[in-house]
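Every heavy atom of this structure was used, including side-chain atoms; hydrogens, water molecules and symmetry mates were not. Each ligand, and each atom within it, is numbered from 1 in the order the structure gives.
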Amino acid sequence: MLKIVVCVSGGGTNLQAILDAIDGGRITNTQILAVISNNAGAKALERAAGHGIPGILMSPKDYPDRAAFNRAFTEEMCRLAPDLIVLAGFLVRIPQEMVAKFSNRIVNIHPSLIPSFCGVGYYGLTVHEKALERGVKVTGATVHFVNEGMDEGPIIAQKAVEVLEGDTPEILQRRVMEQAEWVLLPQAIDDIANGRIFVENGKVIRTGKAR
Ligand code: GAR
């Protein structure tokens with residue numbers, strides 16, 4: 001059984017997609033140990049509570065400095081000891097010490113086709129604003145393992161989504177979520193839980209067919 005901790009910052013629609021996939025049998029062999037949010041008002045915490053999953057609040061704002069937060073966050077994660085950490089719309093940078101302790105065991109969903117529109121400052125709605133500003137005709141989402149860099153870890157899967165005439169950042173964000181994010185992230189978790197993908201020498205190895 002793959003034990004996971006899901007980290008969220010806001011609405012938690014990706015968390016909901018994971019919960020629905022577990023309920024619907026599209027993710028198997030997986031248990032959510034806890035949901036961690038940096039935001040007390042996150043709807044994601046309500047979604048977790050609705051499923052009887054412990055919610056944990058961990059915000060940099062509650063610590064004297066970033067180093068103290070990083071330490072506490074990493075300690076909490078070590079206490080929970082998940083097999084996999086899932087960043088499902090988590091807008092706080094993962095401490096380097098956590099990346100080192102959970103090497104190749106952290107995955108992130110990003111709302112663009114990496115390496116476009118990613119890195120420092122590219123998160124949430126901003127990603128879609130930048131894509132529209134640039135006038136790209138295709139965007140999408142990427143699920144990847146997390147390494148020391150920002151949005152630079154080995155890519156697990158990507159899905160393209162069309163940009164349409166008249167799109168606003170909000171409309172485009174919703175389409176990318178519906179068509180790409182809510183599909184890719186549950187699929188990646190199921191693949192990892194069932195041993196269909198792993199990392200070797202910085203590359204994602206896929207064994208067998210994705211479901
Ligand atoms: C999602 O679009 C996710 O890809 C993005 O934040 C949103 C969270 O929505 N993540 C990033 O930008 C990470 N760099 P949600 O809370 O409804 O799942």
I want to know if ligand 1 touches [X] in the polar sense, i.e. an N/O pair below 3.5 angstrom.
X      : answer
Gly124 : yes
Asn14  : yes
Thr13  : yes
His110 : yes

Quick test: of every protein heavy atom, which one is nearest to atom 16 (O) of ligand 1, and how far off is it to 0.1 Å? Gly12 N, 2.7 Å
Please write down residue, atom name and distance for the protein heavy atom closest to atom 6 (O) of ligand 1. Gly89 CA, 3.8 Å
Check each atom of ligand 1 against the heavy atoms of [X] and keep those under 4.0 Å away; list them by number with element.
X      : answer
Met177 : 1 (C), 2 (O), 9 (O), 17 (O)
Tyr123 : 12 (O), 14 (N)
Ile109 : 4 (O), 10 (N), 13 (C)

Linked hydrophobic residues, Phe90 as query - side chain contacts closer than 4.5 Å: Val5, Leu33, Ile36, Ile56, Met58, Tyr63, Phe69, Phe73, Met77, Leu80, Ile85, Leu87, Val92, Ile94, Met98, Val99, Phe102, Ile106, Val146
Cluster partners of Phe198, using ILVMFWY side-chain heavy atoms under 4.5 angstrom, listed by chain and number? Ile205
Is Leu87 near ligand 1, meaning one of its heavy atoms is under 4.0 Å from it? no
For Val127, state whether at least one heavy atom is located under 4.0 Å from any atom of ligand 1. no
Residue from Leu132, Val127, Thr126 passing side chain to side chain contact (heavy atoms under 4.5 Å, CB included) with Lys130: Thr126
Would you give the length of the straight line joining atom CE of Met177 to atom CG of Leu185, rounded to the nearest 0.5 angstrom? 11.5 Å
Are side-chain N/O atoms of Asn38 and Ser9 paired as donor and acceptor at under 3.5 Å? yes
Identify which of Met150, Glu181, Arg47 has a heavy atom lying nearest to atom 2 (O) of ligand 1. Glu181
I'd like to know if the side chain of Gln158 reaches the main chain of Ile114, judged simply by a donor and an acceptor atom lying under 3.5 Å from each other, with no hydrogens or angles considered. yes
Looking only at atom types and distance, does a side-chain atom of Lys159 sit under 3.5 Å from a main-chain N or O of Gln179, one as donor and one as acceptor? yes
CZ (Phe117) with more than 12 external heavy atoms under 6.0 Å: yes
